[in-house]
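This is the structure I want to talk about, given as structure tokens.
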Amino acid sequence: MTSTDVLRNQAIELPSWAFGNSGTRFKVFPQAGVPRDPFEKIADAAQVHRFTGVAPSVALHIPWDRVDDFGALAAHAAERGVRLGTINANVFQDNDFMLGSVTHPDAGVRKKALAHLFECVDVMDATGSRDLKLWFSDGTNYPGQDSIRARQDRMAEALAAVYERLSGEQRLILEYKLFEPAFYTTDVPDWGTSYVHCVRLGERAKVCVDTGHHAPGTNIEFIVAMLLREGKLGAFDFNSRFYADDDLMVGAADPFQLFRILHEVRLGGGFDPAAEIAFMLDQCHNIEPKIPGQIRSVMNVQEATAKAALVDINALTAAQNAGDVLGANAVLMDAYNTDVRPLLADLRSEQGLDPDPMAAYARSGYAERIVTERVGGVQAGWGA
Ligand code: LRH
Ligand code: MN
């Protein structure tokens, strides 16, 4: 695949929840014009695809995006040039899940959690989605609170039951996270734990790398290289952070890290559609306007991808094999230090898009229109 092919075929999935209100435990600042239902979220996501051309699908979160007729929602999306993507389960907000969901000591609570996961598979059947993404907030806050081993047994049992329920091309994507909301153990805290569970489950179980879910200083591109080598990288939840799971715009806090990650994706064949890697955003625009925030984020992924695609692999390999440390590093830095914005602007023009998506969206009047139209009703959020 040439670098231009990689950019032309790029598909970045947007999170429906990025268009709703979000915040921290301290405050959720509502914004005017925010969607009131999944249909309006989809309409906003379609604006990002309209101006970037590379955001053709929207990930849903259940129950935040539960509707009576998912067929109607899929049709609504199609009319706007996008499709429904990954289904995200939510076993982190029900009062019964305080001590865990599928890992809870009580079998009745585990059964309730599993029922929700099965409901999400039913939603996939209705939307035609390929991926079920599972992130578990399950964990403990104090040593001795529960058996680490027993919780893993419960987790494995639940994952096997969900995996059994999948059909056709459907996949289970297991997302890990170091901590929060649990602060002593998290039952799927790192790539190794997710990988072990996925290997035991089978071919259609893959790992999701959320770039905000690692201990500070973690070399995420090493994890990406390893998972690609094992054929177990299923998806990314892209965002960036300065400290913890900040869910800031991807590439905003550490554009060099994003470049290094996408360089390993390229080396590992991850840009080949056959690798079936889902490139998703998972972000919260707590203080910035949400649609432009998503457009900027998509452009950040495009720019990092374009830079990664510019790396002269032959020169890099030659320098590496010659033990030319500075030479090899220079090959990578040359690509990273290349201004790819003109290249991307030309590619957009070639595709009949405005070379400057942010300016084009601002001129469209959509932002003003939704503020005027979306009066009354309950703004969408995390419903916590
Ligand atoms: C957990 C997470 C997960 C989603 C949620 C919105 O921190 O990254 O991917 O379910 O954010
Ligand atoms: Mn995530």
Side-chain angles (χ1 to χ4, degrees), residues 12-25 28 35 38 41 45 57-66 85-94 97 100-103 113 116-117 119-120 123-124 129 131-139 162 171-183 186-191 193-194 198 206-215 218 220 223-224 227 233-241 243-251 253 258 261 277-286 290 293-294 297 301 380-384:
I12 301 161
E13 185 159 292
L14 307 182
S16 67
W17 53 97
F19 300 97
N21 285 324
S22 60
T24 71
R25 59 184 168 173
V28 171
K41 293 179 191 176
S57 64
V58 187
L60 301 182
H61 220 297
I62 308 298
W64 300 338
D65 298 315
R66 186 184 283 141
T86 303
I87 301 300
N88 286 264
N90 180 335
V91 286
F92 53 87
Q93 291 184 314
D94 188 294
F97 299 156
S101 65
V102 297
T103 62
H116 170 71
L117 303 183
E119 179 208 350
C120 290
V123 172
M124 293 167 77
S129 299
D131 291 351
L132 172 67
K133 180 149 78 65
L134 301 181
W135 170 69
F136 296 98
S137 58
D138 293 43
V162 175
R171 306 189 307 174
L172 184 159
I173 307 292
L174 184 58
E175 182 177 356
Y176 60 88
K177 181 175 179 179
L178 183 65
F179 80 103
E180 188 206 39
F183 296 108
T186 291
D187 294 298
V188 186
D190 53 28
W191 74 278
T193 306
S194 176
C198 289
K206 307 269 185 175
V207 178
C208 172
V209 175
D210 184 312
T211 48
H213 287 187
H214 305 81
T218 300
I220 299 175
I223 297 170
V224 169
L227 288 171
L233 178 64
F236 283 101
D237 267 6
F238 280 138
N239 50 63
S240 72
R241 52 83 170 274
Y243 303 103
D245 190 16
D246 308 352
D247 280 341
L248 299 173
M249 292 190 294
V250 60
L258 180 62
I261 288 171
I277 309 290
F279 296 92
M280 301 182 286
L281 302 183
D282 180 4
Q283 300 174 178
C284 296
H285 302 290
N286 298 345
K290 299 165 190 300
Q294 288 282 292
S297 302
V301 176
W382 282 41

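For ligands, and for the atoms within them, numbers begin at 1 and follow the listed sequence.
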Exercise. With side chains defined as the heavy atoms from C-beta onward, is the minimum distance between I223 and T218 less than 4.5 Å?
Worked result: yes

Exercise. Going by distance only, is there an N or O of W135 that falls short of 3.5 Å from an N or O of ligand 1?
Worked result: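 In this structure, W135 places no N or O atom under 3.5 Å from an N or O of ligand 1.
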
Problem set entry | Under 3.5 Å donor-acceptor, E180 side chain and D245 backbone | no

For this session: Tell me which part of D237 gets within contact of ligand 1: side chain, backbone, both or neither, using heavy atoms under 4.0 Å.
Result: side chain

Exercise. Ring centroid separation for H214 and Y176, is it under 6.0 angstrom?
Worked result: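 Centroid distance H214-Y176: below 6.0 Å, so yes.
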
For this session: Using distance alone, determine whether W17 and ligand 1 share an N or O pair under 3.5 Å.
Result: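 No, no N or O pair falls under 3.5 Å.
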
Problem set entry | Considering only N, O or S atoms of D237, the one closest to the Mn ion (ligand 2) | OD2

Exercise. By number and element, which atoms of ligand 1 are closer than 4.0 Å to a non-hydrogen atom of K133?
Worked result: 9 (O)

Exercise. Short list, please: which atoms of ligand 1 are under 4.0 Å from a heavy atom of H61?
Worked result: 4 (C), 6 (C), 10 (O)

Problem set entry | Heavy atom of the protein closest to atom 8 (O) of ligand 1 (residue, atom name, distance) |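 Residue, atom and distance for the closest contact: D282 OD2, 2.7 Å.
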
Problem set entry | Shortest-distance N/O/S atom, D282 versus the Mn ion (ligand 2) |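 So the atom name we want here is OD2.
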
Problem set entry | Test side-chain contact (heavy atoms from CB on, under 4.5 Å) applied to C120 and I62, L60, N90, the passing residue | I62

Exercise. Is a side-chain N or O of N239 found less than 3.5 angstrom from the main chain of D282, in a donor-acceptor match?
Worked result: yes

Exercise. Looking only at protein heavy atoms, which one is nearest to atom 9 (O) of ligand 1, and how far off is it?
Worked result: E175 OE1, 2.7 Å

Exercise. For ligand 1, which atoms have a heavy atom of K177 less than 4.0 angstrom away?
Worked result: 7 (O)

For this session: Kindly indicate whether the side chain of E119, heavy atoms from C-beta on, has any atom under 4.5 Å from the side chain of P63.
Result: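 Counting from C-beta outward, E119 and P63 never come under 4.5 Å.
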
Exercise. K133 versus D237: any side-chain heavy-atom pair under 4.5 Å?
Worked result: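 Yes; the side chains approach each other to less than 4.5 Å.
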
For this session: State if E180 counts as touching ligand 1 under the rule of any non-hydrogen atom under 4.0 Å.
Result: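 The answer is no, since E180 has no heavy atom less than 4.0 Å from ligand 1.
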
Problem set entry | Aromatic contact, F92 with H61 (centres under 6.0 Å) |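 Yes, the ring centres sit under 6.0 Å apart.
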
Problem set entry | pair W64-Q93: side-chain heavy atoms closer than 4.5 Å | yes

Problem set entry | Distance filter under 4.0 Å to W382 heavy atoms, resulting ligand 1 atoms | 6 (C)

Exercise. Relative to the Mn ion (ligand 2), which of the N, O or S atoms in E175 is the closest?
Worked result: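 Result for E175 and the Mn ion (ligand 2): OE2.
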
Exercise. With a cut-off of 4.0 Å, which atoms of ligand 1 are near a heavy atom of D210?
Worked result: 8 (O)

Exercise. Under a 4.0 Å heavy-atom limit, does D245 contact ligand 1 with its side chain, its backbone, both, or neither?
Worked result: side chain

Exercise. With under 30° as parallel and over 60° as perpendicular, where do the rings of F236 and F238 fit, or are they tilted in between?
Worked result: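 Parallel: the ring planes of F236 and F238 meet at under 30°.
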
Problem set entry | Heteroatom of D210 nearest to the Mn ion (ligand 2) (N, O or S, atom name) | OD2

